[in-house]
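Shown next, in structure tokens, is the structure this report addresses.
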Amino acid sequence: MFALMQSTRTQSLHLCIDPPTGLKAVIAIHSEQRGPAMGGCRYLAYPDDESAMVDAIRLAQGMSYKAALAGLPLGGGKAVIIRNPHVENRAALFEAFGRFVDSLEGRYITAIDSGTSTLDMDCIAQTTQHVTSTTASGDPSPYSAMGVFAGIRATSMARLGSDNLEGLRVAVQGLGNVGYALAEQLHAAGAELLVSDHDPGRVQLAMEQFNAHPIATDALISTPCDIFAPCGLGSILTGQSVMQLRCAAVAGSANNQLTNLQVADQLENRGILYAPDYIINSGGLIYVALKHQGEELPSITAHLARIPSRLTEVFAHAQAEKRSPARVAQTLAERLLYS
Ligand code: NAD
């Protein structure tokens, strides 16, 4: 774990158990260089404790890059609560997690993420003030989807020469909070949707509401399309899976889509334009960060509207330097963090 912390330049890793509630949680603080570390809290099952720590560390690093490139005065952090099927009192579990967050005295600010809801954030708010995305402050997912939609248009412009999505075939992997809202916007813009989700109910709904074509979860990645939009969990772009892609570009909300940067080079070599995840999906962070600072909606949406130009700038650098946009984005983020 120390080797991973060193290679990712992670500042600290915090562990907590609370036997009365069954809480087993990890908070990774990647950087406080630009401000307190902000990032969501996942509530998921993991094959083992080490995988949960690795997930928190990698995600926290992405949050530092995301905040830096979005121009927010924040560092990056992430929390993972290891899902325990035997937990009887979910509210007590999240209140205990809030006490853990509070013990860090504002160095880490938590938020909603996969497996958690605004109601869970309300429970956390009972025991700490260092929490966002409560029912009062709102779910960031629609803002993440808004940013991804604008980012898909910018990606289409850069790769296909037009940001008109009419008739474009977009494959959306995962129809959760972000993926479903994204599908709605793509449908409204005239895109043809190919969708998959482990939950057949979500797929059925997208078929009824957006005329989407259902595709089996293991077949979506190799289905011909213009844009592949990963909106499920991370690490779906591996050395092997990239060879299956039959699209012009990858642009979606999932965090940590690439298993490593060599995968980005493979995408580049195959002529597939990659929209760096921590730029295109930064709408949710922008929303929670500015809301936490007391900003009003017009200023939040104005900030969010800068996502496509940020992507366009990275694509232009990548083209000029003949490098993957993922490598260009990392260089820019690290310059902001470390120089
Ligand atoms: P969610 O848990 O609401 O939805 C994820 C959906 O993806 C689920 O319905 C799940 O069944 C499906 N899924 C997972 N793996 C899949 C696969 N291989 N094939 C098909 N379906 C699959 O999560 P969310 O809040 O919508 O977030 C989606 C992704 O975007 C996550 O990686 C998250 O970290 C990232 N993200 C979310 C936000 C946000 O505001 N919610 C912000 C930035 C990044």
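Computed from a predicted structure; not experimentally measured. Whatever order the structure lists them in is the order used to number ligands and atoms, beginning at 1. We count residues from 1, following the sequence as given.
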- Query: Taking the side chain from Ser282 and the backbone from Leu285, do they hold a donor-acceptor pair closer than 3.5 Å?
  - Reply: no

- Hey, does the side chain of His30 reach the backbone of Tyr65 with a donor-acceptor pair shorter than 3.5 angstrom? no

- Message: Working to the nearest 0.5 angstrom, can you tell me the gap between Leu267 CG and Phe228 CZ?
- Response: 10.5 Å

- Excluding sequence neighbours, so at least two apart, what forms side-chain contact (heavy atoms from CB on, under 4.5 Å) with Glu321? His317, Arg323, Val328

- Can you pull the salt bridge (charged side-chain N to carboxylate O under 4.0 Å, His left out) pairs that have at least one residue in residues 89-114, sequence neighbours excluded? Glu32-Arg107, Arg42-Asp113, Lys78-Asp113, Arg90-Asp120

Would you mind writing out the side-chain donor-acceptor pairs for residues 182-189 within the sub-3.5 Å range, not counting sequence neighbours?
unit_1	atom_1	unit_2	atom_2	d
His187	ND1	Phe210	O	3.1

- Pocket residues around ligand 1 (non-hydrogen, under 4.0 Å) come out as Arg42, Lys66, Asp113, Ser114, Pro140, Ser141, Ser144, Gln173, Gly174, Gly176, Asn177, Val178, Ser196, Asp197, His198, Thr217, Cys231, Gly232, Leu233, Ser253, Ala254, Asn255, Asn281

